[in-house]
Amino acid sequence: MWGSPGLLLTLALHPALAVAPARDYCVLGAGPAGLQMAYFLQRAGRDYTVLERAPGPGSFFARYPRHRKLISINKRYTGRSNAEFNLRHDWNSLLSHDPRLLFKHYSAAYFPDAGDMQRYLGDFAGRLGLRVQYNTTVLHVALDKDRRAWNGHYFVLTDHKGRVYRCRVLLVATGLSVPNRVDFPGSEHLEGYESVSVDPEDFVGQNVLILGRGNAAFETAENILGVTNFIHMLSRSRVRLSWATHYVGDLRAINNGLLDTYQLKSLDGLLESDLTDLAILKDREGKFHVTLKFFVEEAGTNQSADAVTLPQDDSDNFAMRVAYDRVIRCLGWNFDFSIFNESLRLSSGSEFSRKYPLIRASYEAKGSRGLFVLGTASHSVDYRKSAGGFIHGFRYTVRAVHRLLEQRHHGVAWPATQHPITQLTSSVLRRVNEASGLYQMFGVLADVILVQENATAFEYLEEFPTQMLAQLESLTGRRARHGLFVVHMEYGRNFSGPEKDVFFYDRSVGHTEDAWQSNFLHPVIYYYRHLPTEQEVRFRPAQWPLPRPTAIHHIVEDFLTDWTAPVGHVLPLRRFLENCLGTDLRSFYAESCFLFALTRQKLPPFCRQGYLRKQGLASTESLRRHGVESGLMQDHAAAGQHLRDRGQQPGDRRPV
Amino acid sequence: MMCSSFRVFRVGISFVTMCIFYKSAANSLPELSPHEYFSTLQPGKASLAYFCQADSPSTSVFLEGLHEAVRPLQDYGISVAKVNCIKEETSRYCGKDKDLMKAYLFRGNILLREFPTDTLFDENAIVAHVLFALLFNEVKYITTPEDLQSAENALKGKANIVFSYVRAIGTPEHRAVMEAAFVYGTTCQFVLTTEIALLESIGSEEIEYAHLYFFHCKPVLDLTQECRRILMEQPLTTLNIDLFIKTMNAPLLTEVAEDPQHVSTVHFQLGLPLVFIVSQQATYEADKRTAEWVAWRLLGKAGVLLLLRDSLEANIPQHANVVFKRAEKGVPVEFLVLHDVDSIISHVENNVHIEEKQEDGEDDVEGPDIGQAVSMAFLQSYIDVAAKLKGTSTMLLTRINCADWTDVCTKQNVTEFPVVKMYKEGENPVSYAGMLGTEDLLKFIQLNRISYPVNITSIQEAEQYLHGELYKDLLSYSSVSVLGLFSPTMITAKEDFIEAGRALKGYVITGVYSGEDVLILSNKYAVTLPALLLARHKEGRIESIPLANTHAHDIVQLITDASLETFPEITVENLPSYLRLQKPLLMLFSDGSINPQHEKAVLTMVEQKHLDSLTPCWLNLKNTPVGRGILKAYFDTLPPLPLLVVVNLHSGGRVFAFPSDQAITEQNLLSWLKKLEAGLENPITVLPAQDWKPPLPAYDFLSMMDAATLQHPTRKAPECLKDPDVPESVKEHHEDKSAVEREPTETLRIKRWNRSSWFKYAEESLRRDKEL
């Protein structure tokens, strides 16, 4: 379809190509994902440009959502000063070093206005000085093979003025911009979400049928609920409530007024049917009747409402037997494939790949190396699972992509911190208690802890895409030769789903030994003695987000999502880590280390890494007294004459 | 005066401990009888007392607040007490009515004010009210614009004004202002109001918040001129106000002739950017006027400096007339060409981001506790250090809970906890790498009062230094003083030594001398240059060590080794230094001080080189009681002391005991050691060589999950769970059947595994963890 004009263009422009200087990175689209990537490229000092069709950033938000209320929460208060933690509950901000660029400074509304988002994105681009070329509509993207190019080819972009851009890496952040249409007889009578009136006055006293059952459909219904005679909502499958599916893209409580009026029999209603079987007929009064495609086809070319059989002719209690004044289509959005040359192989033509471009878990296109899809368009990786299609999710996946690029093209290894093994428990605890990327992108991004030789130290990598675990070494430039831990967050395996009762009695787990049955989002730590292979990742057991590990630990779910309880959370975690590594990770006072140093040939890691390096932990008089009084420590000062028999072997004695 | 203890705010050195910890232990509120209370009052010292009936409830909102206020008030030298009115003692402060008890503020035994308890509704209100009463002169309370005007007029040419509006007395903002007044009250006049109209009169728009202005009245000499008013843009917290006043008090314009990359001023240290106006001789006057104008406009937003291009060595691009140095550390400076003041201002304003500053108060400890018991344990020591330094030191000790301030800690490169870092004006932060305990940290702080290596300027000074006369007060913290001697031409060698001296700062006193007459010293101490002189003050000895091609790292090692003693008393703190030598320990256990004859015997043997293959040392059980634990491990019963053992830690762990029936003399020792060497002695014990394995097993969740899947592909599903509304009879019948369906017996067994003994398990595991 688009193949031949593309080829012509490429050929025609070829002389110009030779002179067009190549950029390292081209970002398509200055929406949230494009700007987020621009931010990271800018901070890393890379050669990049953002190409944007509109005269300013975030043009999507100028029109959408139609009723202006964003359903991403703007939680301004958490009672905590930890900036990282607060991002767990901030669904609108992009990542930056500038605390002024937090969305809470842009709106006081819990569900903010879309205009504020556009203003925010404008400030984000402006204040950070991101290099965006506005008013540039890229019409065509093709490949130019060149063995010297980073990826074996350049991406050649042509804009509406015929200007050509050659790019070593192409980052597509164009979102989903094409309304999804279903083709059936009468579909020309539909009004689309993108253009339907938002003025309730236009719906007074009308019968309205809405196709779709997503947030846009319910948002539209919510707006006119009070003025219509009734609203019927028709979709292929049952409604998916996000509180039951734990997927923020499903129907949010803020939009579900129609569920209320349906169940309370206020004339509104919900129906399920396959839309492709339908047909809509317009009668002489301009009203719409729902029938089946089958009947229309039977009637041949004569398609007036009066000539075609209606379902109620056969069964007089057919649900949609009333005539509608309007039928509104709210069926979601698709990726705009039209500008990409076929040779980029962004689509395979299958059902799912008509909505989203085909990408890997690393967000790189399956069909062309060096092309990455960011933002909403990259949601195929975690569609209906996590938050990758939304700002509060893709801001982290964009960062992950940037880290991959830094390693691939600039030899900058994935950022990691090195710690002695004695810091292992606290490193894990710290992250599970504050990390926002793990929390928002649960099941998709995970921290990886690479154990170093002899388990004396470890490297800590943050927010790596779990599905790429097998390729960890090449993607990060780090070595995983001595075992690794993967820290991520999960809901209970059978907890989420559109049909699940998430309020069932006894749903919360409190005992540490039942932690594996936790239902709510909780940290799970996988231990692998060896890096899993690609095969192990791909053919992992059903329902497992990761390959079967050597050992697994669940930190029991917590009502406050505060996993710091010494007995309930910390101790079982430390035991798990100790048993994976086969060592003792307890902390000891210098006095105990002193005793061990003179009565044993080997010392526990804490004494080796602290005390022996003259960094022991001295006890204070008050702590010592407390220890002795509570029976936790032996009072050597008082032991004086009362030394007892040696009794046990020294090795079995409790550390004192 | 109580201010003195708080003056630390103004000095350039501060220590920060970055750690993760539990809520701080609550300070206790002493409970006294009226008689006891009045006998504790000291002249000039302020004290807050709450008088209550002995039978009144022991908890109330007010008492909770009072408990919390104990610590902060103590920081200001104000003691707090709860006085129980008892029948035997009558006091006029003991009211009749239980519900009408009051708190009283005394200075010495003079009553300053009485407070109905409902005005002291929480910790902030208590601190704010008490300070407000005490700082009556420092903080002027006004209600009308005229009051403000007359205060302003009175102070023009004399002092600056800190004017603040708070919504009410006793709010957190009011407290923050009062705390600042405590520090700055003697240098600035504080003026406070709660009147919105007054705030409106000076043109504030957002009157729902507290406001603080700095009025620059001191430079105003003409009474008709207005004082320049700068609004503080950050929220009113103690730290913000402190930083704000610091910047306001900093010089308006500084002239420099240094590479901008290396220039630092108080603005920069407070996280503000610097703007350098590049000037040349020819245009100096005009440039200076521009710079002053820019400085006025950027007051509180950036530091402004006049950079004299002519006397500058660093390279500045020809056309650049402004250099911008961002507040972020390590970012290269930007050279700009800007043609007017407005473009300079807008460049700065577009590139500044004001970092949110953390509070350093000791009371706002909250947030996730990452279970860092080590941090918590160390915190106690840190607090002890702070207490010991209180009032004597020019250092500010603060703490940051990294669980709350991750970004701050990350920026400081802090990834392990706890960490102590020292920040000294004009120097790079230094991480403390010593023992996490009061003694060692205190030593480190004290030794850091001066810079190392000390630059010695004359032979006389060198002699004073070597004889411990130069830094007398520091000698107790460093066992040796090291002096590096170099001839003026030995530049590399000297640099290596200076680097070593810096690395050892806080641990050893080092000095350097490289005067023309250095040969006098090298001749006197008979050493060729370059060399080290090592003064052992305790022993009154001065040793010399030649330095030839020794790198900084090796010099550090050399000094570290040299500061070891020949026959030390081994302690918990110093054992690691001696273990480094990797030799068997020849250890004398003594119950108290060492017998001088034994000491002499060992020292003689050391001198005669008989003990070169050993590390001779002794242990005083009085100082190091854990020594008993060691003896317990070596012997079945406690042997008579003193007692001598050889502990072969590094090869085989064998322990030999010197026969207790022999006297510890040179001869006996020598022959015993010979027998040892010949393998003729049997060890009394061999130290165990086990690895430190996990102390207890972990939950095997993998097996539990497997068991569940194997027996029942879909586990516990919500739809078939107990319905609490089902009548009991139905339920019973229903349950028998469904229990089997919904959960396999195996799963149930696992679920209930040890549930009854769970607490026992937890208790046991805690006890096993007896250290922390």
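Here is how names work: the chains are called A, B, and so on, in the same order as the sequence lines, proteins then strands, and each is numbered from 1.
Minimum heavy-atom separation, B/Gln690 to A/Lys602: O-CB, 3.7 Å. For the residue pair A/Gly582 and B/Pro694, the shortest heavy atom distance occurs at C-CD, 3.5 Å. When all heavy atoms of B/Tyr699 and A/Pro572 are compared, the closest pair comes out as CE1-CB, 3.9 Å. Smallest separation of non-hydrogen atoms from B/Leu585 and A/Leu598: CD1-CD2, 3.4 Å.
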Requested in this report: Could you walk me through whether B/Lys632 and A/Leu595 pass the side chain to side chain contact (heavy atoms under 4.5 Å, CB included) test, one step at a time?
Outcome: CA-CA 11 Å; B/Lys632 211 169 122 186; A/Leu595 181 67; over 6 Å; no
Requested in this report: Go through the steps to decide whether B/Tyr507 and A/Lys614 satisfy the test side chain to side chain contact (heavy atoms under 4.5 Å, CB included), and finish with yes or no.
Outcome: CA-CA 12 Å; B/Tyr507 308 101; A/Lys614 304 179 202 171; over 6 Å; no
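Within a 6.0 Å radius of CD in A/Gln601, other residues, nucleotides and ligands contribute more than 12 heavy atoms. In the displayed structure, B/Arg654 atom CZ is contacted under 6.0 Å by at most 12 heavy atoms of other residues, nucleotides or ligands.
By the 4.5 Å heavy-atom criterion applied to side chains, B/Pro695 and A/Arg575 are counted as neighbours. Inter-residue side-chain proximity for B/Thr571 and A/Phe594 is flagged as unmet; no heavy-atom pair is nearer than 4.5 Å.
Between chain A and the options B/Thr624, B/Val647, B/Leu649, the largest number of non-hydrogen pairs under 4.5 Å is found for B/Leu649.
In terms of the ring pair (Phe, Tyr, Trp, His ring centres under 6.0 Å) criterion, B/Phe589 has no residue partners (sequence neighbours excluded). Listed by chain and number, the residues in a side chain to side chain donor-acceptor pair (under 3.5 Å) with A/His554 are A/His522 (sequence neighbours excluded).
Contact of A/Thr583 with chain B is made through backbone and side chain together, with heavy-atom distances under 4.5 Å. Both the backbone and the side chain of A/Ala597 come within contact range of chain B, each with at least one heavy atom under 4.5 Å from a heavy atom of that chain. Of the atoms belonging to A/Pro420, heavy atoms from both backbone and side chain fall under 4.5 Å from chain B.
Taking the centre of each ring, A/Phe596 and B/Trp692 come in below the 6.0 Å mark. Here the two rings, on A/His553 and B/Phe701, have centers that are under 6.0 Å apart.
Distance alone, capped at 3.5 Å, is enough to place a donor-acceptor pair between the A/Tyr611 side chain and the B/Val572 backbone. With hydrogens and angles disregarded, no donor-acceptor distance shorter than 3.5 Å links the side chain of A/Gln615 to the backbone of B/Leu436.
The line from CD of A/Glu591 to CD of B/Glu573 is 9.0 Å long, rounded to the nearest 0.5 Å. Distance check, rounded to the nearest 0.5 Å: OH of A/Tyr526 to CG of B/Leu702 gives 10.0 Å. Between A/Arg600 atom CZ and B/Asp691 atom CG the span is 11.0 Å, to the nearest 0.5 Å. Note: A/Arg613 CZ to B/Arg580 CZ = 12.5 Å, rounded to the nearest 0.5 Å. Note that CG of A/Asp584 is 10.5 Å distant from NZ of B/Lys693, once rounded to the nearest 0.5 Å. Atom CG of residue A/Asn579 and atom CG of residue B/Leu696 lie 8.5 Å apart, to the nearest 0.5 angstrom.
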